[in-house]
Peer 1: 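Please find one structure pasted underneath; my questions will follow.
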Number of protein chains: 2
Amino acid sequence: MNATPRWLNPEQQAAWDGFIRMQEKLIGRLSRRVQADSHMSPADYIVLAKLTEAGGRMRFMDLTKLVEWEKSRMSHQVARMAKRGLVGKEDCPDDGRGAFIVATPAGREAIEEAAPVHVEHVRRLFIDALTQEELDALGRISNRVLAHLEKQPD
Amino acid sequence: MNATPRWLNPEQQAAWDGFIRMQEKLIGRLSRRVQADSHMSPADYIVLAKLTEAGGRMRFMDLTKLVEWEKSRMSHQVARMAKRGLVGKEDCPDDGRGAFIVATPAGREAIEEAAPVHVEHVRRLFIDALTQEELDALGRISNRVLAHLEKQPD
DNA sequence: AGGCCATGGTTGACGCATCAACCACCCGTG
DNA sequence: CACGGGTGGTTGATGCGTCAACCATGGCCT
C-alpha cells in the first residue's frame, strides 16, 4: 500500500547481502563437514554436546529450553537419535508425563570424537579468517542484534 | 588423535556462540514472517526476486548459478513453484536439454507484494538494531569470511 | 471431591535441502 | 560417422524444521 516503500540504501543493502551470503556459505560448509566426517547432523551435534555437558542425563523440557528449540523439534530429533542409538529415553518417576533423555555410551563416544573435528573446522573456516578485533566486533554486533530481537514483537 | 585439541579461547568462543545464536534467531524470525505474511518460503522469495529482476525469464542453469544453489535444489524448488503457479517451464529451442523458467503473472504479483513487506522486516529486525558503522563493519567482516572461504579447500 | 487450565511431550503432514544416481542431449576428436 | 565426455536437468530417498492438533498428567481453586 505504501507508494514508495523505504528500500534499503546501498550501504545497508551491501551489509545485509554480505551477511546473508556469508552466513549461508559458512553454515552450509560447516554442516556438510560435520555431516561428512562425523556422520552427525548439526542438530545431533548440538543436542549431544549440550546433553553431555550437563552430565548426560536431562529432563526433556530442560534440554529443549537449553538449546532454545521448540518441543516438537526436540521430540522429533530425540526420536531420530534414539533410533540410531545415540540417546535413550527413561520415564520420570516424579512426574508421570515427564521423560529423561540420556546419552548412551555410543552417544558419548560419538560426541567426543566429533567435537575436536568440529572445533577444528570452526577455526579453519571462521576464526582464522578474522583478527581478534574483528571477532570481538562481530560478537558485539551479534549481541546487539540479539538484544534488539528480544525487544521486538514477533 | 590429538591429545590436546586446540579449543577456542573464551573470546573466540564468545564471538562464535554469539554469531551462531544471532544468525539462527534472526533468520528464523525473518523466514517465519515472510512465510506468514506472504505465504512464500524464503526460497520462493529469492528465486522469484532474482528471476523477475532479470526480466522474468531465464535459463534454468543461469538462474541456478545466480542464486548459487545446486541444480537439484533448484529443480525441486522450481517444480514446487510450478505446481503452485508461480513460475512456468518452457523448452529451449536452441538446446534440446535446456529449459527456460518463466515468472507467471501470479508470480510477479506475489513478489511485488512480498518485497516491501520483506524489506520492512529486514529493516525492523536487523538494520534498526545497528548503526551505520556497525553495518559497515559487519559487511567488511562478512566479505573477509567469504573471501577466506573461497581460498579454503572444501 | 470436582473442574480446569497449565505443563510435558507426541504425532502426522508438509515443505525444504542434500546426496547420489540417472537420463538426454551437445560437441569435439579420431 | 562413432563415441566419449561434459553439460543441462530430473528423480527418489532420506533427514530436518514447522505447524497444528492432540493426549496425559499435575496442580490449583472452590
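Quick note on labels: first sequence line is chain A, next is B, and so on, each numbered from 1. Given the structure is predicted, the values throughout are model-derived calculations rather than measurements. Note: hydrogens, waters and symmetry copies are ignored here, and every other heavy atom, side chains too, is used.
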Peer 1: Is the shortest side-chain N to carboxylate O distance from B/D37 to B/R33 below 4.0 Å?
Peer 2: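 Yes.
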
Peer 1: Whole angstroms only, please: what is the CD-C1' distance between B/E70 and C/dC19?
Peer 2: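 Rounding to the nearest Å, CD of B/E70 and C1' of C/dC19 are 8 Å apart.
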
Peer 1: First locate atom NZ of B/K25, then atom CG of A/L149, and finally report the distance between them rounded to the nearest 0.5 Å.
Peer 2: 8.5 Å

Peer 1: Mind checking the CD-CE spacing from B/Q23 to A/M22? Nearest 0.5 Å is all I need.
Peer 2: 9.0 Å

Peer 1: Assign B/K83 to base, sugar-phosphate, or nothing according to its heavy-atom contacts below 4.0 angstrom with the strands shown.
Peer 2: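 B/K83: no heavy atom of the nucleic acid under 4.0 Å.
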
Peer 1: Just to be sure I understand the rule, does B/K65 reach a base, reach only the sugar-phosphate, or reach nothing, if contact means heavy atoms closer than 4.0 Å?
Peer 2: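 Sugar-phosphate only.
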
Peer 1: What's the spacing between B/H39 NE2 and B/Q35 CD if we round to 0.5 Å?
Peer 2: 9.0 Å

Peer 1: Which letter, B, S or -, goes with each nucleotide of nucleotides 20-28 of chain C from 5' to 3', with contact meaning a protein heavy atom under 4.0 Å?
Peer 2: B---BBS--

Peer 1: Hey, what do you get for CD1 (A/I127) to CG (B/N9), rounding to the nearest 0.5 Å?
Peer 2: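 Result: 7.5 Å between the selected atoms.
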
Peer 1: Quick one: is D/dG9 close enough that its OP1 or OP2 comes under 4.0 Å of any side-chain N or O from B/K89?
Peer 2: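 Negative; the distance criterion is not met.
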
Peer 1: A/M74 has an atom CE; how far is it from atom P of D/dC19, in whole Å?
Peer 2: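 Roughly 16 Å, once rounded to whole Å.
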
Peer 1: Using the six-membered ring wherever Trp is involved, compare the ring planes of A/F19 and B/F126 and label them parallel, tilted or perpendicular (cut-offs 30° and 60°).
Peer 2: parallel

Peer 1: Quick one: does A/S31's side chain have a donor or acceptor within less than 3.5 Å of a partner on A/P42's backbone?
Peer 2: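 Absent.
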
Peer 1: Run the side-chain donor-acceptor check on residues 48-56 of chain B: report pairs under 3.5 Å with partners two or more places apart or on a different chain.
Peer 2:
from	atom 1	to	atom 2	distance (Å)
B/T52	OG1	B/L48	O	2.8
B/T52	OG1	B/A49	O	3.1

Peer 1: In terms of hydrophobic clustering (I, L, V, M, F, W, Y; side-chain heavy atoms under 4.5 Å; direct or indirect links), are B/V78 and B/V67 co-clustered?
Peer 2: yes

Peer 1: Please state how far atom CZ in A/R59 lies from atom C1' in C/dT7, giving the value in whole angstrom units.
Peer 2: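 About 10 Å, once rounded to whole Å.
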
Peer 1: What nitrogen or oxygen pairs link the protein and nucleotides 13-16 of chain C at under 3.5 Å?
Peer 2:
from	atom 1	to	atom 2	distance (Å)
C/dC16	OP1	B/S41	OG	2.9
C/dC16	OP2	B/R80	NE	2.2

Peer 1: Tell me the interatomic distance from A/Y45, atom OH, to D/dG15, atom C1', rounded to whole angstroms.
Peer 2: 20 Å

Peer 1: Among residues at least two apart in sequence or on other chains, which ones pass salt bridge (charged side-chain N to carboxylate O under 4.0 Å, His left out) with B/R32?
Peer 2: none

Peer 1: Roughly, in whole Å, what's the span from CD in A/E68 to P in D/dT18?
Peer 2: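 It is 13 Å, rounded to the nearest whole Å.
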
Peer 1: Report the distance from atom CE of A/M61 to atom C1' of C/dG9, rounded to the nearest whole Å.
Peer 2: 6 Å

Peer 1: Roughly how many Å is it from CE in B/M81 to C1' in D/dG9, rounded to a whole number?
Peer 2: 17 Å

Peer 1: Whole-Å distance between C/dC19 P and A/D37 CG?
Peer 2: 13 Å

Peer 1: How would you list, by chain and number, every residue that makes a salt bridge (charged side-chain N to carboxylate O under 4.0 Å, His left out) with A/R144, sequence neighbours excluded?
Peer 2: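 Expected list: B/E134.
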
Peer 1: Counting only heavy atoms and a strict 4.0 angstrom limit, can you tell me which residues of residues 100-108 of chain B come near DNA chain C?
Peer 2: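 DNA chain C contact set from residues 100-108 of chain B: none.
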
Peer 1: Any ion pair linking A/E24 and A/R21 (charged N to carboxylate O, less than 4.0 Å)?
Peer 2: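 Salt bridge between A/R21 and A/E24, a charged N being under 4.0 Å from a carboxylate O: no.
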
Peer 1: Taking the side chain of A/S75 as heavy atoms from C-beta outward, which of C/dT11, C/dC19, D/dC19 is closest to it?
Peer 2: C/dT11

